[in-house]
Amino acid sequence: MGPSKEDLASRFYRQLLTRDPSLQDLLPGERDAREAGFTKGLTEIVDSMSNFPELVAHTRQLGECLAQHGVRVSHYPTGRAALMAALEDVLGDRLDPGTREAWTMASNLVAECMMAGASRR
Amino acid sequence: VAKSLVVKPALPNWPLIGRSRQIETFTDLLHVGEQGGVVIFGASGVGKTRLADECRRIGEIEGHCTERTIGATFTQSLPLSSVAALLPAALDELHPDGTASVASMFEQVRRRLDDQQTGRPMVLVADDIHRFDAASLALVAHLVHQRAIFLVGTARTGDPIPDLLTALWRDGQVSRFDLAELDGEDFDTLLHLALGGALEAGARLQLWSASQGNPLYVHELVMGALERGTLLERDGVWHLEGVLPRSERLDELVAERMGSLDAGARGVVELLSLCQPLPVEYVASLAGRHTLDRLEESGRIVVALDRDEVTLAHPLFGEVIREQIPSLRSRDIVRREADRLQSRTEMSPADQLRLAEWRLSSDGRADSVILLDAAYRARYAQDFRAVKRFIEAMPRADRGPAGRLLLGEALYELGSFAESEETLATDEPVADEGLYLRLAVTRTKNLHWGLCDPQRALEVNTDARRRISSRSFIDELTSNEAAIQMFSGHPDLAVSVLSSVKTDDARGRTVRAIALSPALACAGRTTEAVDVAKAGFLDHTQLGDELAIAHPGTHIVNQVFSLTDAGRLAEADSLARLGSEVATNDHVPIAQIWFALNQARIALLQGKTATARRFFAEGAGLATAHHFGGPLRMALAGLATSSALLGDVSAAQHALDRREALPPFGFVGPEQELGRAWTLAASGQPVEATEHFLEAAASAAATGHRTSEAALLHDLLRACGRNESSRLTEVAGMTDSRLVHARAKHAEARLRGDPHRLVEAAEDFLDMGASLLAAEALASAADEYRRAGDQRSATAASRRSSALAAQCEGTRTPDLVVTTSTIPLSDREREVARLAAAGLPSKEIAARLFLSLRTVNNHLQRVYVKLGVSSRADLARALEGSP
């Protein structure tokens, strides 16, 4: 994503709230801080991709943390859809079929790990 | 019965996927207390018990005491046996005179549970609760009503459900979960998490077809394959070699899911396991409509009216049931079906194939005419194991040249190269010239690709041409000669040999295109190369079924190759993706390998280096599994290149070591040398690397590999800073490839130190989607702008370079380093800096670069000043930190 990361964060939240305005209540703090947090979180996940055990441990912890803030399993499909739509916004033509497939697979894997962390499995 | 009593073993570390929603609901219900439990419904193997055990574990974490019990068939007659664990130790306590009411007994159990607990109900896992005896079920229902327990029951869909249980969720006392098989996405996630890495596409397809997303089947298949070593990891990608093994436990699971059947139903299931699919009316006439309906309702068979077919509901059912049928009975069934089929006046091609299969399996032999015919059918379905089986079942005398041809080809495809040569190389006279030609061509293919002996292949080809008289056959052998030349490293010879072939028929043009397209691409005539590949594919589709000719996908591979060399990366990418999907679904491993290698080549140019490495690894794994030494050599060279570009020198070296052990393989031979050259450069041996690049480039020039020569000379500049701009410009003048032109422009701009022209080259690369090359050109432009004192343009170029480099998946090339220092480093300074940062003492650097110690130290001193650092450690950090 390189320098488009910040852009992705703001588009993600816009997509998320369009899909489910009630999520506004769950979102923490100031917009800037929240978007910076999202960028940081996503960067950490992408950086840990090459180290599989670390990726799993990291995302589980993240899921547990989100659950404590009231994030529910039913929010995950919304979140994934918002992420994919935001990627489409930011990447445009660069979101070729291969990239899309990779993000879809990766986001499902990450979501499953996060949900497992949320239920302390 | 004894088996069903065994508590299913927990699956340690095996991930639970796609069940988070149910787990969350369970946790909510447990907290709120509104309902007294959940009952999990689903087919066997869908993960009911696993989910129930997970609920139990969560219950424990939440401070509930828990208990687990199981309903088994034979205990149904013993009252309260299913819930024995909940009862007081001495039953006498409950009814000392044998007259105590059931109600008071239930109350005693409830009070006892209450005493044990501290305000939190016990979580009771009741596995197979639909099999509980009536008294146990009544007690459980009572305890649920009283909220003395929180029930987690499992029940199998299709089995009879007692009314008491139905009443529980009908009255809202418990929630009902219905579990389904995993969908494709969750299936992928499960395997990725379980294996800790990616699975090759063909292996994924096999596991998916066999399991249909049933989690327990997936588990058993994967564990079985791991145990027997058929599922193995190569370079981070999991591959499946050979067929999926079945375990005893898997057989038990399938048998369990089949359950008990009456004689009529059993007959249908057995018949289908041996002879499916069968026409609906036919099966109905044998067993009766009612039996068919029952089997369909209980999920054991599938009746597809649109295709007029009855099949078993799961692919594993047939395999397991087949083995349980006594062999005499199975022979009789199959023989009866074969007779029925043969008595029909018309048989479809599929029927002919089945007839041969059935005759072979029931009688151990079949009519040679039927077998040969079936072998042809199997050949066009790419089922080479069946081809081999059919031909080998024929008496030798009956096989004839056609049988030999089919067998020889099948042996080649199955990787038995020596046997194939033995089958094809006899002196038996062949009257039919067409057959003779196909035998010769197949033999050369096996010699060239299988036994890696292009020289012998050429001899056989020349010999065959002398013995043949038909003009078009001679042309075909000439095209074949060109193909051998092309794929053993001589595109120049291939082009000149083909100039004499003026064939007019579709087959002739098809065969010619296979060699001509890549030869033209290598020669830098990429537009023609793409057109020839396209026309070749169209001609091929006109041919129908033909023997001794490559798979039609070859033309698509050629088109992808040509598009890549032309720098038309986006087109190449989408076509390769499409082709790869088709090759995987059609089970054509050699096509899968070529698509993987071509996708890797494209990704490498796009700067997606990690992606490229994965594709090379996939290609290497497939090539190993299917015994293709040549493509394996190419894949390993690519692994070395991509690893070196990612800074993983030891992986690069390992790939090269493995490559050394293989016989030479000439296809784009010079380009393969990029692997060693980049590895040498990445391991701090710039002089050796330079030499290697130059040698390979010279050999490319000598054999007409123009696009490869350009790649080698350009990479020489990128890896070692040595600029062969004039030769690159010369090569560019001989080709229409945009990529080669951009490479030449880049080198020339570097030589002149012209920042504007460097930006232009970067734009050209960017137009093609070659982000890494664009990032490097922009980094050089930034240096030149700085040198010229144009700080504003320098910053802009540097920023664009960093943005592009960030898309390159962690690629680290020398040109990307140090784009932020205010005073740019010279090429020599950069080289010295990199070696010093890698920890080499000055003396060693001097030796490697053939410089004096003083010169090295002078360079280093200037580097320190320019970068504003004072030690080697700082130097490493300064280089590491950028871009």
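Per chain, numbering begins at 1; letters A, B, ... match sequence-line order.
Between F12(A) and F38(A), the ring planes lie parallel to each other; the angle is under 30°, not in the 30° to 60° tilted range.
For E64(A) against G117(A), the heavy-atom pair with the smallest separation is CB-O, 3.6 Å.
Of the atoms belonging to Q22(B), not a single heavy atom falls under 4.5 Å from chain A. When heavy atoms are compared at a cutoff of 4.5 Å, R21(B) approaches chain A by way of both its backbone and its side chain. If you measure heavy-atom distances from T99(A) to chain B, the contacts under 4.5 Å come from the side chain alone.
With respect to R11(A) and E88(A), no salt bridge is recorded, no charged nitrogen being found less than 4.0 Å from a carboxylate O.
Taking the six-membered ring for Trp and the full ring otherwise, the centers of F595(B) and F615(B) sit at least 6.0 Å from each other.
Ranking H192(B), Q599(B), R799(B) against chain A, the residue ahead of the rest is H192(B), based on heavy-atom pairs under 4.5 Å. The candidate with the highest count of non-hydrogen atom pairs below 4.5 Å against chain A, out of T611(B), D186(B), L190(B), is D186(B).
If you take CD on E200(B) and CD on Q592(B), they are separated by 5.5 Å, rounding to the nearest 0.5 Å.
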